[in-house]
> 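Below is a structure I'd like to ask you about.
No hydrogens, no waters, no symmetry mates; every other heavy atom, side chains included, goes into these values. Below, read A as the first sequence line, B as the second, and so on, with proteins coming before strands; counting in each chain starts at 1.
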Amino acid sequence: MSDRVCHTVFSVHDYDLAATLSSGQAFRWEHREGAWDGVVDRQWVRLRSTPGQILAQTSAPVEDWFWLTDYLRTEENLEPVLASFPDDVPLRAAVNACRGLRLLRQDPWECLASFILSSTKQIVQIRQIVALLCRRFGEPVTVPGGTGEIFSFPMPERIARCTEAELRECKMGFRAPYLRGTAQKIAESEVDLNCLGTMPVDAARAELLRLPGVGRKIADCVLLFAYGFQEAFPVDVWVMKALRQLYFPRRRVNRKRLDKFTATYFGPNAGYAQQYLFHYMRTKAKSKPNPGIET
DNA sequence: AACCAGGACACAA
DNA sequence: TTGTGTCATGGT
């Protein structure tokens, strides 16, 4: 009901809401009429960006906004993060091109499930698959106009009850048994997503790797985008392209050496650097000549 | 119209 | 340990 619509304002610095919500870490935000609509903690939210602040609107009264500021990480100071990056040409270009790009703190299950569905898919397709999955198996979420259009992300228990054929109807193809198998292991408490956040990063990664359809890359995405392990460095085809052409020009490098490089060279916020490189490669540097690492 | 996409997995050598 | 085929779908 519109009489229960609730508004608030967060003051922020160096926060590029559009870049953050469209940079391939979350897949449910929709840009319409200059605002961003999404679902956080089973609540519908509309976000609007103005200089120095983010305006938030919900469909129900809110007393404590922590669930949203925690998700957006509005309180994080970007300066020390950027200052911890190595001072090289590619990263300078990436930071200058999309300064204000942030990492979110997402729900672990939604993040995990989304990235299981992400393998060898373009971001537009991942968004489509996730939308179908929510519409089919999620629960209605209250929006200002009522209900029926927006759905929550389905819980593991719900996905675990799906047949593989039902999941394939959401266009996820060979990823269906992966998603189902992972949902079952979580529903059966074989893996407890709630306890990963307090573990050392290597132990948390090892737990995620026990899940079907979860390899190093997807595990690192979840560690970075849901649990806030900022040293996690997911290497997908875009980041691999950046690493090879910007940092290892015409040099063959094995996985072990690559891991050592990403774990040391980019510093304690390597995951942040990764996200800047990813977004930069995917948007700004589509087919430009190689900037190179020198100087 | 080929090529490729925020990969993981089984299997070969 | 490193390389290859396979999986499913659709955007560019």
> In whole Å, what is the span from the OH atom of Tyr178(A) to the P atom of dA10(B)?
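In whole Å, dA10(B) P lies 7 Å from Tyr178(A) OH.
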> Among dA5(B), dC9(B), dG6(B), which nucleotide has an atom closest to any side-chain atom of Val237(A)?
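It is dA5(B).
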> Between Tyr272(A) and Glu76(A), is a side chain to side chain donor-acceptor pair (under 3.5 Å) present by the stated rule, with each step listed?
CA-CA 12 Å; Tyr272(A) 245 108; Glu76(A) 176 165 71; 2.8 Å; yes
> When you compare the side chains of Tyr71(A) and Asp107(A), does any donor N or O come within less than 3.5 Å of an acceptor on the partner?
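Distance-only check fails for Tyr71(A) and Asp107(A).
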> Would you mind telling me which of dT1(C), dG7(B), dG6(B) lies closest to the side-chain atoms of Lys256(A)?
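So the side chain of Lys256(A) is nearest to dT1(C).
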> Considering only dA8(C), dT9(C), dA8(B), which nucleotide approaches the side chain of Thr120(A) most closely?
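That would be dA8(C).
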> Which is true for Ser23(A) with a 4.0 Å heavy-atom rule: it touches a base, it touches only sugar-phosphate, or it touches nothing?
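Base, at least one base atom sits under 4.0 Å.
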> Is the centre of the Phe115(A) ring less than 6.0 Å from the centre of the Phe27(A) ring?
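Between Phe115(A) and Phe27(A), the centre distance is under 6.0 Å.
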> Quick check on DNA chain C: between Met172(A) and Arg252(A), whose nearest nucleotide comes earlier from the 5' end?
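The residue whose closest nucleotide sits nearer the 5' end is Arg252(A).
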> Write down the distance between CG (Leu208(A)) and C1' (dG7(B)), rounded to a whole number of angstrom.
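Checked: the CG to C1' distance equals 15 Å.
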> Using heavy-atom distances to pick each residue's nearest nucleotide on DNA chain B, tell me which of Pro234(A) and Leu209(A) is more 5'.
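Upstream on the strand: Pro234(A).
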> Whether Arg168(A) contacts dA8(C) is assessed here as follows: a side-chain N or O lying under 4.0 Å from the phosphate OP1 or OP2. Is that the case?
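So the side-chain polar atoms of Arg168(A) do come within 4.0 Å of the phosphate oxygens OP1 or OP2 of dA8(C), strictly under.
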> State which of dG6(B), dT9(C), dA8(C) makes the closest approach to the side chain of Phe27(A).
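Comparing dG6(B), dT9(C), dA8(C) against the side chain of Phe27(A), the answer is dG6(B).
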> Could you state the atom-to-atom distance from CD of Gln125(A) to P of dG6(B) in whole Å?
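Taking atom P of dG6(B) as the reference, CD of Gln125(A) is at 8 Å.
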> Base, sugar-phosphate or nothing for Gly24(A)? Non-hydrogen atoms, less than 4.0 Å.
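The answer is base, as Gly24(A) lies within the cut-off (heavy atoms under 4.0 Å) of a base atom.
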> Which pair of non-hydrogen atoms, one from Trp238(A) and one from Arg282(A), has the smallest distance, and what is that distance?
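That closest heavy-atom pairing would be CE2-CG, 3.6 Å.
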> Show your reasoning for whether side chain to side chain contact (heavy atoms under 4.5 Å, CB included) applies to Leu68(A) and Phe10(A).
CA-CA 10 Å; Leu68(A) 186 53; Phe10(A) 309 123; 3.7 Å; yes
> Could you tell me how far dT6(C) sits from dC4(B) if I compare only their C1' atoms? Round to whole Å.
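16 Å, rounded to whole Å.
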> Give a yes/no answer on whether the side chain of Asn254(A) brings an N or O atom under 4.0 Å of OP1 or OP2 in dT1(C).
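Answer is no, no contact under 4.0 Å.
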> Less than 6.0 Å separating the ring centroids of Tyr276(A) and Tyr280(A)?
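No; Tyr280(A) has its ring centre 6.0 Å or more from that of Tyr276(A).
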> Please work out if Ile116(A) contacts a base, only the sugar-phosphate, or nothing of the nucleic acid, heavy-atom cut-off 4.0 Å.
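Counting heavy atoms under 4.0 Å across all strands, no contact is made by Ile116(A).
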> In whole angstroms, how far is the C1' atom of dT1(C) from the CZ atom of Arg216(A)?
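Between C1' of dT1(C) and CZ of Arg216(A): 16 Å.
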> Starting the side chain at C-beta, find the nucleotide from dG6(B), dT9(C), dG7(B) nearest to Lys171(A).
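Looking only at heavy atoms from C-beta outward on Lys171(A), the closest nucleotide is dT9(C).
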> Please report the distance, rounded to the nearest Å, between CE in Met240(A) and C1' in dG7(B).
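The distance from CE of Met240(A) to C1' of dG7(B) comes to 12 Å, rounded to the nearest Å.
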> Given dG11(C), dG3(C), dG6(B), which nucleotide is nearest the side-chain atoms of Gln25(A)?
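Closest of the options to the side chain of Gln25(A): dG6(B).
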> Let's see if you can work this out: which of dG10(C), dT9(C), dA8(C) has an atom nearest to the side-chain heavy atoms of Arg175(A)?
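Minimum distance to the Arg175(A) side chain belongs to dA8(C).
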> Starting at the 5' end of DNA chain B and moving along, which residue's nearest nucleotide shows up first, Pro212(A) or Val235(A)?
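Here Val235(A) is the residue nearer the 5' end.
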> With hydrogens left out and only the distance checked, is there a donor-acceptor pair under 3.5 Å joining Gln274(A)'s side chain and the base of dG6(B)?
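Flag set: donor-acceptor pair detected.
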> Pick the P atom in dG11(C) and in dA1(B), then give their distance to the nearest Å.
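Comparing P positions in dG11(C) and dA1(B) gives a spacing of 16 Å.
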> dG6(B) base stacked by Trp238(A)? Criteria: ring centres under 5.5 Å, plane angle under 30°.
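Trp238(A) ring does not meet the centre or angle cut-off for dG6(B); no stack.
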